[in-house]
Amino acid sequence: MRVATWNINSVTVRIDRLLGWLERSGTDVLCLQELKCEPAAFPTERLREAGYEAAVHAGGRWNGVAVLSRVGLDEVVRGLPGGPEYDGVAEPRSVAASCGGVRVWSVYVPNGREVGHPHFTYKLGWLGALREAVAEDAAGARPFAVLGDFNVAPEDVDVWDRSVFEGSTHVTGEERAALAELRAAGLSDVLPRPLKYERAFTYWDYRQLGFPKNRGMRIDLVYANEPFTKLVTDAYADREERKGKGASDHAPVVVDLDL
DNA sequence: ATGACTTGGTTACCAAGA
């Protein structure tokens with residue numbers, strides 16, 4: 001079974017790329033983030049024609065997440081139970097589903113904007129609530145993983161130049177401590193192998209030739225419990241999908257399971 | 001030059017992303 005996660009940065013703009021990538025990669029279960037569409041605008045029918053069911057949690061101009069599956073889709077949970085609101089809004093940043101013997105969460109962790117900003121506090125609170133929400137599944141016997149855009153680079157080697165990020169979000173001790181808490185709940189980082197260079201990045205800024213210069217970050221993560229990690233036969237970041245006109249600024253992260 | 005893309009919405013500009 002092939003499972004993947006991809007921050008697609010507008011499913012509306014990239015539906016043709018999405019369908020092409022699903023067919024080329026042969027992905028069975030895909031966690032999507034940043035749909036940037038209303039639920040009614042989600043391309044349910046085109047995905048169904050391609051053989052995929054979808055669990056969608058979306059709304060408004062930002063955020064929006066989904067789980068696509070061609071191996072069954074059950075036990076859908078929309079939203080983060082006990083999760084914090086921002087500006088009085090419970091944003092659509094997580095959706096969970098069980099697909100072909102694996103349970104997955106598709107998450108889009110808040111960006112945080114600046115250290116000390118209310119959005120940064122929101123980010124830390126959101127990660128704390130995520131830990132509580134997944135604790136039972138993480139400790140369970142069923143293969144389980146949280147996949148998505150975590151907006152945190154777990155280690156200094158997960159950014160192209162640590163000095164550039166001094167004082168910025170995504171690399172702070174507080175954010176990394178929140179990830180450590182998540183791992184302490186029974187999850188571990190499924191590290192993708194690079195297809196080029198020494199480290200696999202998953203995001204490159206659109207600006208200033210970020211991708212050609214490989215000024216990237218690894219912030220799209222797969223946090224899996226032991227029953228899940230035992231099944232992993234391969235994992236990689238598909239940087240090919242970051243190439244060319246009309247690419248998302250994130251590349252898909254792919255995990256193969258012996259299942 | 002406190003910005004260099006890209007997106008969707010309050011559109012012939014803005015916020016947000018990371």
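Below, read A as the first sequence line, B as the second, and so on, with proteins coming before strands; counting in each chain starts at 1. Values reported hereafter were calculated over all heavy atoms of this structure, with side chains retained and with hydrogens, waters and symmetry mates removed.
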Distance below 4.0 Å between A/H119 side-chain N/O and B/dA18 OP1 or OP2: no
Atom pair distance, as rounded to whole Å: CG in A/D158 and P in B/dA18: 16 Å
Electrostatic pair A/R218-A/E155, nearest N-O below 4.0 angstrom: no
OP1 or OP2 of B/dT7 under 4.0 Å from side-chain N/O of A/N9: no
Inter-nucleotide P distance (B/dA15, B/dT2), Å rounded: 15 Å
Separation between the C1' atoms of B/dT10 and B/dA16, rounded to whole Å: 15 Å
B/dT11 to B/dA1 separation - C1' atoms, rounded to the nearest Å: 25 Å
N or O in side chain of A/R207 less than 4.0 angstrom from B/dA4 OP1/OP2: yes
Under 4.0 angstrom between A/Y108 side-chain N/O and B/dA18 OP1 or OP2: yes
A/R193 bridged to A/E198 by N-O distance under 4.0 Å: no
Positive for side chain to side chain donor-acceptor pair (under 3.5 Å) with A/Q33, one of A/N151, A/T5, A/N7: A/T5
Side-chain-base donor-acceptor pair under 3.5 Å for A/N111 and B/dA18: yes
Any A/R113 side-chain N or O less than 4.0 Å from OP1/OP2 of B/dG17: yes
Polar contact flag, side-chain donor to acceptor under 3.5 angstrom, A/W21-A/D238: yes
A/Q208 side chain, from C-beta outward: closest of B/dA4, B/dA16, B/dT6: B/dA4
